Amino acid sequence: MAKAAESSGDPGTTSPRPLFAGLSDISISQDIPVEGEITIPMRSHIREFDSSTLNESVQNTIMRDLKAVGKKFMHVLYPRKSNTLLRDWDLWGPLILCVTLALMLQRSSVDSEKDGGPQFAEVFVIVWFGAVTITLNSKLLGGNISFFQSLCVLGYCILPLTVAMLVCRLVLLAEPGPINFMVRLFVVIVMFAWSIVASTAFLADSQPPNRKALAIYPVFLFYFVISWMILTFTPQ
Amino acid sequence: MAAADELAFHEFEEASNLLAETPDAATTSGSDQLTPQGHVAVAVDSGGSYGAEEEAEESDRTALLQEEKQQPGFWTFGYYQSFFDVDTSQVLDRIRGSLLPRPGHNFVRHHLRNQPDLYGPFWICATLAFVLAVTGNLTLVLAQRRDPSIHYSPQFHKVTVAGITIYCYVWLVPLALWGFLRWRKGVRERVGPYTFLETVCVYGYSLFVFIPTVVLWLIPVPWLQWLLGVLALSLSGASLVFTLWPVVREDTSLVAAVLLSTVVLLHALLAVGCKFYFFQPLPLEHLAPPLQATSLPPDVLLPLTPGAKTT
């Protein structure tokens, strides 16, 4: 390496040369191993983000999940063809709704009538096993929706019926009579139609077109049974 | 050349005309000049479409044969998917076939075409179970309107009972029937027995006629209810009998008669049992307790007065 640099010029006679003029003449005869560490500045950012969800306060975590659930409730109440329910599915919302509905629908423990309304476990089983059966049915018919996405959609679309249950409970505080029943019937029918429209908006596109009715009919039956349980609820 | 240009433009019309003409051209020996030209024209101008059709047909046939050959194992999801391989129109056609049984038409051969599905039986049974429970409850509501002393309750346990009864009927009775027919297989030579799923399918679709019947049982007119019940039972039973007849007629007439009458009898038992359990004749039940209540007070009052006197 040094030979080439020395042979290029005499120190006395030549004019001052530019700084790296001789570099182009240099030839590297040996292989110089290049080693070292390459640190990507992004990595440290990701590490910070990961540890931040562990270090954040419990309130932040809960509020984030509650906001996600609330956002999905809004999507159910104003159904548009959007992918939010399908993309970030979660089962918190369906669990909250199912437990609320079952708590309100169960017969009181004092009255152990043989032929009363459903027990808590019966409502729970009907909702969850009904949703699982509909999901399996839709997958067996050839739909391209994932198992938990479908459970998520069916669970969230119980929201209108839970609202109907709350309204029915309030209406039942007034005096019983035919007007009472008519109001409850109207509310339950409207909410039933809303549930069907909401779930169809999300689920219909995942089925092949010649089997859409076959996949939607069980959803109709499912919400019909839940509406029937809500309508026949009598406080003891 | 002009003819070729014409054929090139109006490909399909001319090709179909030529294809219609070629049988005539082939039979007459005098028009030998026509046949090679006709064939050549077909090959050259619509060779693409005709050749493609032939190839498509052959590939379809081979694809079908391959599909029939591979059968996924029963532990895979694909195995169960093959039982749900039906379209909406097919399910509706099968329901129509079970509603209107005709003597010559065999439900299995004509409508199922050896492709039984589990969608129909499963959802028809589920619908029937829920409709039975709901209409049974509705009759209680209507009875309460007429007679306010009747206590209304949602009677949710009837859903469980209805579900278990209907599903057991549609699975266990076809199992017994299938087993019996296979046991008697040696006696028959020509017609083989149906597979288990085909039997389940026949039973499941035959229960469809009960769904509107149960809804119509809301009308509280007893003779109409019995009439509707008999009508539904005859339609449903006829559908079962016409399906089983080709399989059973080669057996001895005693076995055939016993089998068919057992099938109809079990069906009738189901219908009558549902009628009595879910649509109980209420006024008879609720008249008895008030009679007892009116007889009690005189007995209750007498011991009280001596008791009051003594204390």
Side-chain angles (χ1 to χ4, degrees), chain A residues 102 105-108 111-123 125-126 129-130 133-144 147 176-178 181 185 207-236, chain B residues 76-95 117-142 144-145 148 150-163 167 211 277-278 280 282 285:
Chain A
L105 271 176
Q106 62 172 349
R107 69 178 95 141
S108 61
D111 164 51
S112 58
E113 212 179 289
K114 183 177 79 84
D115 50 355
Q119 302 276 14
F120 180 92
E122 285 171 340
V123 178
V125 159
I126 281 192
F129 274 91
T133 310
I134 296 175
T135 308
L136 277 179
N137 176 65
S138 133
K139 284 187 82 67
L140 283 169
L141 281 173
N144 59 358
F147 184 76
F181 178 73
L185 182 69
Q207 286 293 329
N210 53 348
R211 295 181 185 184
K212 274 208 178 110
L214 294 184
I216 298 291
Y217 170 71
V219 176
F220 171 84
L221 190 65
F222 177 63
Y223 288 126
F224 177 76
V225 170
I226 297 182
S227 315
W228 176 254
M229 288 197 294
I230 292 173
L231 191 58
T232 61
F233 173 75
T234 47
Q236 267 98 22
Chain B
T76 58
F77 192 69
Y79 178 75
Y80 298 102
Q81 221 165 5
S82 62
F83 302 134
F84 281 77
D85 196 13
V86 278
D87 296 338
T88 313
S89 56
Q90 279 177 311
V91 171
L92 289 175
D93 173 60
R94 289 173 187 195
I95 289 176
D117 72 298
L118 278 179
Y119 177 89
F122 183 80
W123 288 108
I124 290 176
C125 291
T127 313
L128 186 60
F130 284 120
V131 164
L132 267 174
V134 166
T135 46
N137 207 227
L138 271 176
T139 50
L140 190 60
V141 168
L142 292 176
Q144 196 198 24
R145 288 285 174 84
I150 296 173
H151 172 59
Y152 169 76
S153 55
Q155 293 177 323
F156 193 74
H157 68 288
K158 294 205 168 171
V159 172
T160 323
V161 170
Y167 274 101
I211 295 177
Y277 184 71
F278 293 101
Q280 281 156 348
L282 289 159
E285 255 185 51

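Note that the coordinates shown come from a computational prediction; the quantities given were computed from them, not determined experimentally. Here is the naming used below: chain letters follow the sequence lines, and residue numbers restart at 1 for every chain.
Nearest heavy atom pair, residue A/L141 against residue B/V86, reads CD2-O, 4.2 Å. Minimum interatomic distance between A/L140 and B/F77 (heavy atoms only, all atoms of both residues): CD2-CZ, 3.7 Å. For the pair A/R211 and B/T88, the tightest heavy-atom approach, listed with the atom from each and the gap, is CA-OG1, 3.7 Å. Among all heavy-atom pairs drawn from A/T234 and B/P154, the shortest one is OG1-CD, 4.0 Å. B/Q81 and A/K139 make their closest contact through NE2-O, 3.2 Å (heavy atoms, listed as atom of the first residue, atom of the second, distance).
Note that the CH2 atom of B/W123 and the CG atom of A/N137 stand 5.5 Å from one another [nearest 0.5 Å]. Taking CD1 of A/I126 as the start and OG1 of B/T160 as the end, the distance is 7.5 Å to the nearest 0.5 Å. Separation of atoms NE2 (B/H157) and CD (A/Q119) is listed at 12.0 Å; rounding is to 0.5 Å. A/W228 contributes atom CH2, which lies 13.0 Å from atom CZ of B/F130 (distance to the nearest 0.5 angstrom).
Residue B/F122 touches chain A through its side chain alone, counting heavy-atom pairs closer than 4.5 Å. With a threshold of 4.5 angstrom between heavy atoms, A/F181 approaches chain B through side-chain atoms but not through N, CA, C or O. For B/Y80, the parts lying near chain A are the backbone and the side chain together; criterion is any non-hydrogen pair under 4.5 Å.
Considering only heavy atoms from C-beta on, A/F224 comes within 4.5 Å of B/V134 through its side chain.
Of the listed residues (B/L92, B/L118, B/V141, B/D85), the one with the most heavy-atom contacts under 4.5 Å to chain A is B/D85. Counting heavy-atom pairs closer than 4.5 Å to chain B, the top-ranked of the candidates A/T133, A/L231, A/T232 is A/T232.
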